[in-house]
Number of protein chains: 2
Amino acid sequence: MKSKILKYLSKYTEITEQLENAINESAYFKSYKKGDILLKEGDFSNECYFILEGCIRSYFVKDGEEKTIEFYTEEEVVTPSNIGKSTPSQYFLECLEDTVVNVGNPALENEMYHKYPQLESLSRVIAEVILTKQQESYTAFKSSTPEERYLQLLKTRPNLLQRASQHQIASYLGIRPESLSRIRKRLINK
Amino acid sequence: MKSKILKYLSKYTEITEQLENAINESAYFKSYKKGDILLKEGDFSNECYFILEGCIRSYFVKDGEEKTIEFYTEEEVVTPSNIGKSTPSQYFLECLEDTVVNVGNPALENEMYHKYPQLESLSRVIAEVILTKQQESYTAFKSSTPEERYLQLLKTRPNLLQRASQHQIASYLGIRPESLSRIRKRLINK
DNA sequence: TTGACTTCTTAACTTAAGTCAACGAGTTAA
DNA sequence: TTAACTCGTTGACTTAAGTTAAGAAGTCAA
């Protein structure tokens with residue numbers, strides 16, 4: 001039975017058996033409890049995560065408020081933007097549930113890229129795909145009202161609404177919790 | 001004297017002389033006039049662009065309105081999201097000024113990646129950098145008011161306001177032209 | 001030169017998000 | 001068992017963006 005991470009990678013390209021073995025051997029796991037903080041604002045970072053089970057939220061604090069940047073769930077990659085750099089993190093990473101991840105780090109990755117150029121090629125392709133998806137959601141966000149954004153979230157990631165609190169969802173949608181509450185009420189009456 | 005594209009690439013890593021020559025030999029140029037359309041909604045795409053001089057705007061049409069996705073200027077890369085794929089473009093690319101570009105295409109790129117793995121590695125790094133930047137601007141957008149977004153644009157890309165019309169800027173900021181006009185007026189009186 | 005456009009602005013009005021305050025329900029900890 | 005929290009909701013009020021319409025200035029082409 002293939003590991004989740006190999007399933008994820010083979011969506012993009014066929015993985016040679018040699019690379020498959022190398023990935024399986026190098027993969028290592030970590031488990032976190034609900035509420036655990038993986039990264040704090042101001043911290044340095046040397047790890048990235050592939051989520052096997054659970055949910056991770058990135059957020060920063062502005063005007064004393066937590067602003068949710070993104071929710072990451074199963075089969076998604078979380079890469080702190082300061083990974084391997086000497087700059088402090090601008091944001092937090094927090095587990096919204098008990099979470100199991102594969103952990104990677106830049107040194108191991110570079111070693112793997114060196115040994116398996118196919119993997120670096122794959123990383124480029126995946127980075128480009130994620131970039132395109134993000135561009136699309138950014139664009140959709142810009143040209144939508146808060147209500148449309150909420151409906152879109154309902155459609156594309158309905159389970160997020162069970163996994164995160166409403167004030168977290170609200171800041172993710174770029175609005176205040178009171179407004180989200182009113183939008184929900186408005187929609188029920190439609 | 002180094003070409004602009006080589007200057008751009010060498011910001012990220014040192015380029016071997018061999019690769020430098022290959023890039024210079026393979027580089028080819030196109031010139032467009034103000035108003036030229038590089039890509040239409042529904043078209044297929046087989047080219048990407050590195051801007052040497054000028055300005056390109058991506059936009060789509062929703063409810064009969066042009067919604068600006070992004071403005072690209074000198075030393076930036078424009079990659080249609082359907083490049084090399086059999087899916088039609090969701091958006092337009094238009095020159096806001098006379099524009100000179102280096103043109104690339106997937107076949108050539110893949111050939112170059114094959115010959116020069118260093119170049120693919122570089123592409124991965126650049127994709128990751130752009131991804132991080134985009135994430136940051138998406139996040140800033142979400143947690144800002146229209147007025148703050150406009151001020152941010154004034155600070156980070158002041159010349160855009162000379163190069164694009166106000167209704168283009170407005171849709172880029174996710175607001176209506178009338179609102180942008182009012183924001184400008186409000187700020188003058190401050 | 002004229003007329004048709006486009007661009008930007010302004011005004012009046014509508015709509016909805018932000019703000020502030022309060023409340024009930026549920027949770028946690030002393 | 002309280003007391004202190006958090007969370008979601010609601011209400012009253014403020015603020016600003018959306019909408020519609022109109023007009024002034026500039027551009028372009030017949």
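We name chains A, B, ... by the order of the sequence lines, and we start the count at 1 in each one. Computed from heavy atoms alone, side chains included, the values below leave out hydrogens, waters and symmetry copies. Note that this is a predicted model, so its numbers are computed, not measured.
Here the C1' atom of nucleotide dA17(C) and the NZ atom of Lys142(B) are 17 Å apart, to the nearest Å. In this entry the distance linking CD of Glu147(A) with C1' of dG18(D) reads 14 Å, nearest Å. To the nearest angstrom, C1' of dT7(C) lies 20 Å from CZ of Arg163(B). Distance Arg176(B) CZ to dA16(C) C1': 16 Å, rounded to the nearest Å. The separation between Ile169(A) atom CD1 and dG8(D) atom P is 9 Å, rounded to whole Å. Here the C1' atom of nucleotide dG18(D) and the CD1 atom of Ile183(B) are 12 Å apart, to the nearest Å. One can place CD of Glu178(B) at 16 Å from P of dG23(D), the figure rounded to the nearest angstrom. Counting to the nearest Å, the C1' atom of dC7(D) and the CG atom of Leu161(A) are 15 Å from each other.
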Report task. Using the ring pair (Phe, Tyr, Trp, His ring centres under 6.0 Å) rule, take Tyr172(A) and Phe71(A) through it: C-alpha gap first, then chi angles, then the decisive distance, then the call. Result -> CA-CA 9 Å; Tyr172(A) 179 61; Phe71(A) 296 105; 5.0 Å; yes
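Residues Tyr59(B) and Ser171(B) bring no donor and acceptor atom of their side chains to less than 3.5 Å of each other. Side-chain polar atoms of Glu120(B) and Ser121(A) form a donor-acceptor pair below 3.5 angstrom. Judged by distance alone, the side chains of Ser89(A) and Ser45(A) never bring a donor and an acceptor atom under 3.5 Å apart.
Applying the 4.0 Å criterion to OP1 and OP2 of dT9(D), one finds that Gln166(A) has a side-chain N or O inside that range. Regarding contacts with the backbone of dT9(D), every side-chain N or O of Arg182(A) stays at 4.0 angstrom or more from both OP1 and OP2. Note on Ser179(B): a side-chain N or O is less than 4.0 Å away from OP1 or OP2 of dG18(D). Phosphate contact (OP1/OP2 of dA17(D), side-chain N/O of Arg186(B), threshold under 4.0 Å): present. Here His167(B) reaches the OP1 or OP2 of dC8(C): one of its side-chain N or O atoms lies under 4.0 Å away. For Lys185(A), no side-chain nitrogen or oxygen approaches OP1 or OP2 of dA17(C) to under 4.0 Å.
Within 4.0 Å (heavy atoms only), Leu180(B) reaches no atom of the nucleic acid at all. Among the atoms of the strands shown, only primed sugar atoms or phosphate atoms (P, OP1, OP2) are found under 4.0 Å from some heavy atom of Pro146(A).
Relative orientation of the Tyr138(B) and Tyr138(A) rings is parallel, given thresholds of 30° and 60° on the angle between their planes.
In this structure, of dC8(C), dT10(D), dT19(C), it is dC8(C) that holds the atom nearest to the side chain of Ser165(B).
Applying the Watson-Crick and G-U wobble criteria (two distances, each under 3.5 Å), dA30(D) pairs with dT1(C).
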